[in-house]
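Data block below; observations after.
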Amino acid sequence: MQHRPLILKLLSAFLVFGAWEIAGRVPVSYAFPTFFESMDALLRLTLDGTMFKAYAETLKPLVTGVAISAVLGIGLGLWIGLSARFDWLFSPIFIVMQAAPLAALIPLLVMAYGIGLTSKVFVVCIMAMPVIVLNTSSAVRNTPVSLKEMGRSFLATDRDTLLKIVIPAASPVIFSGLRLGISAGFIGAILAELKITPTGVGDIISYSRSIADYPSMYAAIFSIILLAVLFLNLLEKFENYLFEGNNRGYVSD
Amino acid sequence: MSQIKPPHDAAVPVSSPESAVSVRNVSKSYGPVEALKNLSLEFPRGELTSLLGPSGCGKTTLLKIIAGLLPADAGDIEVNGKRVTGPGSDRAFVFQDFALLPWASVIRNVAFGLELRGVAKSEREAIAEKYIGNVGLSGFEKAYPHELSGGMRQRVGLARALAVDSQVLLLDEPFSAVDEQNRRKFQEDLLELVRHENKTFIFVTHSIEEAVYVSDQIAILLPRPSRVSEIIRPTSFRNKDVENIRRDPEYLDIVDEIWASLRTYTE
């Protein structure tokens with residue numbers, strides 16, 4: 001497994017946050033707080049419990065949506081990858097879904113499902129699912145022929161072939177789809193809270209903006225990015241645990 | 001209806017007992033391209049037979065048909081007197097590109113054939129360990145394929161095929177992705193294996209020297225459509241030391257002779 005040296009990681013963080021601090025001090029805009037102001041606001045919001053209450057709200061559609069997208073997305077992706085007829089039937093839906101301007105569709109969703117949790121879960125799913133489905137199906141379709149042949153020659157049943165050859169062989173691409181899908185799901189969750197009803201983290205963002213408390217607004221945005229990164233790291237740990245030999249050092253660590 | 005006689009076992013042609021695999025009148029086309037036409041060949045039990053020929057002569061196609069991985073358009077394959085209809089436990093395949101599971105350790109790869117046959121984990125790992133030792137990879141049980149060299153990966157592929165204890169081993173250009181030094185070592189080890197394992201080996205190669213070096217019988221295939229043009233059985237050097245084979249006059253003569261008949265087929 002490849003590790004980036006700690007010093008490089010710290011340097012990279014230092015560069016980004018330093019640039020942020022300088023840009024805030026110049027300032028590039030009245031509405032752009034410095035890094036330290038934002039961190040100060042983040043600490044304040046965390047300590048008085050606002051952040052926890054907000055996340056309790058935000059995580060509901062996020063976790064539900066991501067879980068549905070992951071399970072259903074991988075399932076559909078496997079099916080699409082294995083069956084040409086199913087591919088013909090379902091692939092276009094997800095390709096269209098991926099290209100659709102989501103913000104424009106939100107009013108339709110609200111009309112159909114109201115302003116509650118259902119609509120928000122839908123938004124997360126629309127963001128997260130297509131890339132998971134499309135990655136999974138193309139990974140399954142591209143299982144190395146020689147591995148499938150090897151399975152057949154050693155008398156693998158269809159079930160064995162799927163579980164012991166096709167899925168593990170597809171796993172790097174499935175997991176990269178999951179990473180992309182889950183990041184998109186985070187965007188979807190915040191978008192839903194900004195566009196449908198202001199709750200949770202979306203509420204902090206839009207409320208702080210309306211009272212010009214920009215440090216709090218950026219603190220909320222920063223926290224969601226941080227959570228997304230942590231979650232993606234966790235996912236990668238899980239992948240390495242499942243398919244150790246596939247790991248030749250990927251993205252983050 | 002009463003006219004029909006009961007079938008007599010004696011009337012059914014029985015393959016000769018010394019022949020482990022019989023190929024009879026096999027044809028195979030890919031669309032308009034005839035890969036094999038009416039090809040017949042016997043593979044003697046306990047010996048190594050090479051299928052040698054220029055690229056595109058259908059030797060890999062023939063091997064995959066014997067393996068049951070490809071259906072033949074016409075003709076019959078018999079392995080130990082049983083007609084081949086698909087892959088079977090009587091044959092094991094060694095792949096040109098190794099076909100190892102990159103996410104599985106060496107021991108799991110070697111035991112994979114047994115795993116698919118439902119052998120219990122402790123039992124199959126004991127068997128796998130034995131064959132990992134036999135191919136000279138002891139100590140690498142926990143390594144992953146990407147940590148091994150090409151030659152070592154093919155040793156894993158060979159151990160996997162040996163572990164299922166099939167009577168017939170099918171090797172599809174197993175050393176073509178292995179560097180020259182390792183290939184020579186591998187060829188010596190293969191001779192050793194043929195002598196001790198008492199299995200029938202069918203070996204596809206495009207290297208004349210390799211075929212003559214390792215084979216008890218060499219079938220020369222000529223392309224478009226593929227047919228057996230010649231069968232050569234080296235006699236004098238088969239029981240000599242591995243070091244002396246390449247110096248044997250018969251070895252050199254056969255290599256020359258095969259080259260003379262194949263040179264017209266070079267592109």
Side-chain angles (χ1 to χ4, degrees), chain A residues 1-3 74 77-78 81-82 135-136 138-179 235-251 253, chain B residues 60 63-71 84 86-119 124 142-148 153 156-157 160-166 168-173 177:
Chain A
M1 187 171 174
Q2 283 177 5
H3 276 292
I74 292 178
L78 287 175
L82 293 171
N135 264 37
T136 305
S138 77
V140 167
R141 248 192 312 267
N142 292 320
T143 309
V145 177
S146 73
L147 285 188
K148 282 194 278 189
E149 236 172 26
M150 186 275 291
R152 279 180 58 213
S153 81
F154 286 103
L155 308 174
T157 57
D158 284 350
R159 189 165 163 270
D160 281 337
T161 309
L162 183 66
L163 293 180
K164 295 181 174 175
I165 296 173
V166 173
I167 291 179
S171 73
V173 181
I174 294 179
F175 270 93
S176 87
L178 273 179
R179 277 193 286 271
L235 185 71
E236 195 175 310
K237 291 266 187 315
F238 178 61
E239 181 188 0
N240 287 341
Y241 166 76
L242 280 183
F243 303 107
E244 205 190 328
N246 267 348
N247 176 28
R248 272 158 248 180
Y250 287 127
V251 268
D253 52 84
Chain B
T60 294
L63 196 72
K64 287 194 171 162
I65 290 175
I66 296 173
L69 292 171
L70 285 177
V84 167
S89 61
D90 47 1
R91 283 149 291 148
F93 207 98
V94 177
F95 292 83
Q96 183 176 8
D97 62 355
F98 321 135
L100 302 180
L101 307 175
W103 55 88
S105 60
V106 166
I107 192 155
R108 180 153 182 236
N109 265 299
V110 173
F112 193 64
L114 298 166
E115 183 180 336
L116 294 176
R117 278 166 211 194
V119 178
R124 67 177 190 249
K142 296 275 168 278
Y144 287 99
H146 69 90
E147 298 165 338
L148 305 177
R153 287 183 209 180
V156 177
R160 177 178 60 195
L162 289 171
V164 292
D165 199 25
S166 301
V168 179
L169 251 70
L170 308 166
L171 304 98
D172 182 17
E173 301 197 28

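Residue numbering restarts at 1 for every chain, and letters A, B, ... go by the order of the sequence lines. The structure displayed is predicted, hence computed values, not measured ones.
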Compare every heavy atom of [Y] with every heavy atom of [X], then report the nearest pair and how far apart it is.
X: B/Val84; Y: B/Ile66; value: CG1-O, 3.9 Å
X: A/Gly81; Y: A/Val140; value: C-CG1, 3.8 Å
X: B/Pro102; Y: B/Tyr144; value: O-CD2, 4.0 Å
X: A/Ala156; Y: B/Leu116; value: CB-CD1, 3.7 Å

So which part of [X] gets closer than 4.5 Å to some heavy atom of chain A, the side chain, the backbone, both or neither?
X: B/Arg117; answer: side chain
X: B/Leu170; answer: neither
X: B/Phe112; answer: side chain
X: B/Ser105; answer: neither
X: B/Phe95; answer: side chain

Side chain proximity check, B/Val156 to B/Phe98, heavy atoms < 4.5 angstrom: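 In short, these two side chains do not touch, never coming nearer than 4.5 Å.
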CZ-OG1 distance between A/Phe175 and A/Thr136, expressed to the nearest 0.5 angstrom: 10.0 Å
Option in B/Gly157, B/Gly88, B/Ala143, B/Ala92 with maximal non-hydrogen atom pairs under 4.5 Å from chain A: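 Highest number of heavy-atom pairs under 4.5 Å: B/Gly88.
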Qualifying salt bridge (Lys or Arg N to Asp or Glu O under 4.0 Å) pairs, either residue in residues 91-103 of chain B, two or more places apart: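 Applying salt bridge (Lys or Arg N to Asp or Glu O under 4.0 Å) to every pair that reaches into residues 91-103 of chain B, excluding sequence neighbours, yields nothing.
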Winner by heavy-atom pair count (cut-off under 4.5 Å) against chain B, out of A/Thr157, A/Val145, A/Asp160: A/Asp160
Proximal component of A/Ile165, with respect to chain B [non-hydrogen, under 4.5 Å]: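 Its backbone and side chain both get close to chain B.
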A/Lys148 versus chain B, the contacting section by heavy-atom distance below 4.5 Å: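 When you check distances to chain B, no heavy atom of A/Lys148 falls under 4.5 Å.
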